[in-house]
Amino acid sequence: MSGPHVIRGSVSLPEAELMWRFSRSSGPGGQHVNTTDSQVELRFDLANTDALPEVWKRRALERLGPRLVDGVIAVRASEHRSQWRNREMAATRLASLLAEATAPPPKPRRATKVPRGINERRLRNKKQRSETKRGRSGRGWG
């Protein structure tokens with residue numbers, strides 16, 4: 001593995017809390033695929049970790065609730081033929097998933113009024129367009 005996988009700021013995934021499982025990847029690949037355990041499943045016990053601040057952990061547990069099994073989140077990777085690249089991919093996916101789940105909620109939108117100038121400009125353009133179209137009708141050419 002290449003270094004710690006940073007979630008956000010100074011918080012990163014502790015290598016000791018990551019549980020790796022390897023299995024044979026499905027799909028094409030010839031004889032090689034039948035002998036190597038290149039598919040990677042990475043599991044992280046979100047409910048019992050001390051690596052995340054308490055607020056982040058609560059937020060992540062709430063947002064990832066349907067994906068969790070007994071408080072554990074699992075991520076799979078089998079796109080690459082090499083186990084090492086699949087390990088990198090799984091760890092990156094887990095880090096980005098946790099970064100998204102622990103992000104603070106967006107600030108509530110403040111309702112604003114439409115500026116009067118914009119409304120007036122819209123009505124002026126509308127009237128001008130209406131005059132243009134009325135001029136095409138041919139009435140009064142008599």
Side-chain angles (χ1 to χ4, degrees), residues 1-140:
M1 294 297 306
S2 64
H5 291 279
V6 176
I7 296 174
R8 192 170 54 252
S10 62
V11 180
S12 60
L13 292 172
E15 192 64 41
E17 292 186 27
L18 300 178
M19 297 167 276
W20 299 93
R21 205 173 108 216
F22 308 100
S23 59
R24 293 194 180 120
S25 193
S26 63
Q31 294 171 336
H32 174 75
V33 83
N34 298 329
T35 58
T36 56
D37 292 340
S38 61
Q39 178 173 291
V40 175
E41 182 179 330
L42 175 58
R43 297 164 63 82
F44 180 68
D45 192 351
L46 187 57
N48 298 320
T49 187
D50 293 326
L52 299 177
E54 199 57 42
V55 178
W56 287 20
K57 187 167 30 169
R58 228 182 353 231
R59 210 180 283 154
L61 285 169
E62 182 182 311
R63 290 182 183 165
L64 297 174
R67 281 193 68 161
L68 298 176
V69 177
D70 297 328
V72 176
I73 182 114
V75 175
R76 276 199 180 137
S78 62
E79 292 81 32
H80 303 288
R81 289 180 64 173
S82 114
Q83 185 189 96
W84 182 82
R85 285 179 68 189
N86 282 332
R87 282 176 65 121
E88 288 288 314
M89 181 71 77
T92 304
R93 263 192 215 149
L94 181 63
S96 66
L97 186 69
L98 287 174
E100 196 176 305
T102 58
K107 290 182 180 175
R109 183 186 176 279
R110 267 185 30 212
T112 57
K113 279 174 38 180
V114 178
R116 194 169 63 210
I118 289 178
N119 213 10
E120 287 174 356
R121 190 179 325 133
R122 180 182 63 83
L123 292 173
R124 195 169 41 247
N125 289 342
K126 198 171 171 180
K127 190 175 272 306
Q128 191 176 4
R129 185 79 178 145
S130 141
E131 290 294 325
T132 303
K133 288 190 170 190
R134 193 162 353 130
R136 294 179 187 156
S137 69
R139 281 184 288 151

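Along the sequence shown, residues carry numbers from 1.
You'll find the side chain of L94 reaches within 4.5 Å of the side chain of L18, heavy atoms only. Proximity of W20 to L42: side-chain heavy atoms (C-beta onward) are separated by under 4.5 Å at one or more points.
For R43, the CZ atom sits in a loose shell: 12 or fewer heavy atoms of surrounding residues, nucleotides or ligands are nearer than 6.0 Å. More than 12 heavy atoms of other residues, nucleotides or ligands shown are found within 6.0 angstrom of CD on E131. Within a 6.0 Å radius of CG in D70, other residues, nucleotides and ligands contribute 12 heavy atoms or fewer.
No donor-acceptor pair under 3.5 Å is formed between the side chain of R76 and the backbone N or O of Q39. Between the side chain of S137 and the backbone N or O of K133 there is no donor-acceptor pair closer than 3.5 Å.
Taking the side chain to side chain donor-acceptor pair (under 3.5 Å) definition, one finds that Q83 meets it with nothing, sequence neighbours left out.
Looking at every heavy atom in both residues, R63 comes nearest to A103 through NH1-O, 2.7 Å. In plain terms, the two heavy atoms of D45 and G71 that are nearest each other are OD1-O, 3.3 Å. What you find for N86 and S38 is that their closest heavy atoms are ND2-O, 2.7 Å. The heavy-atom pair separating A51 from E17 by the smallest distance is N-OE2, 4.3 Å. The two residues A60 and T102 have their closest heavy-atom pair at CB-CG2, 3.9 Å.
The line from OG1 of T49 to CD1 of I73 is 12.5 Å long, rounded to the nearest 0.5 Å. Rounding to the nearest 0.5 angstrom, the gap separating the CZ atom in F44 from the CG atom in L64 is 11.0 Å.
Classification of E88 and R85 as a salt-bridged pair fails, no side-chain N sitting under 4.0 Å from a carboxylate O. Ion pairing between R67 and E100 fails under the 4.0 Å rule for side-chain N and carboxylate O.
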*Go through E54 and K57 one step at a time and tell me if the side-chain contact (heavy atoms from CB on, under 4.5 Å) criterion holds.*
CA-CA 5 Å; E54 199 57 42; K57 187 167 30 169; 3.8 Å; yes
Review item, side-chain donor-acceptor pairs of residues 110-121, under 3.5 Å, at least two apart:
unit_1	atom_1	unit_2	atom_2	d
N119	OD1	R122	NE	3.4
N119	OD1	R122	NH2	2.9

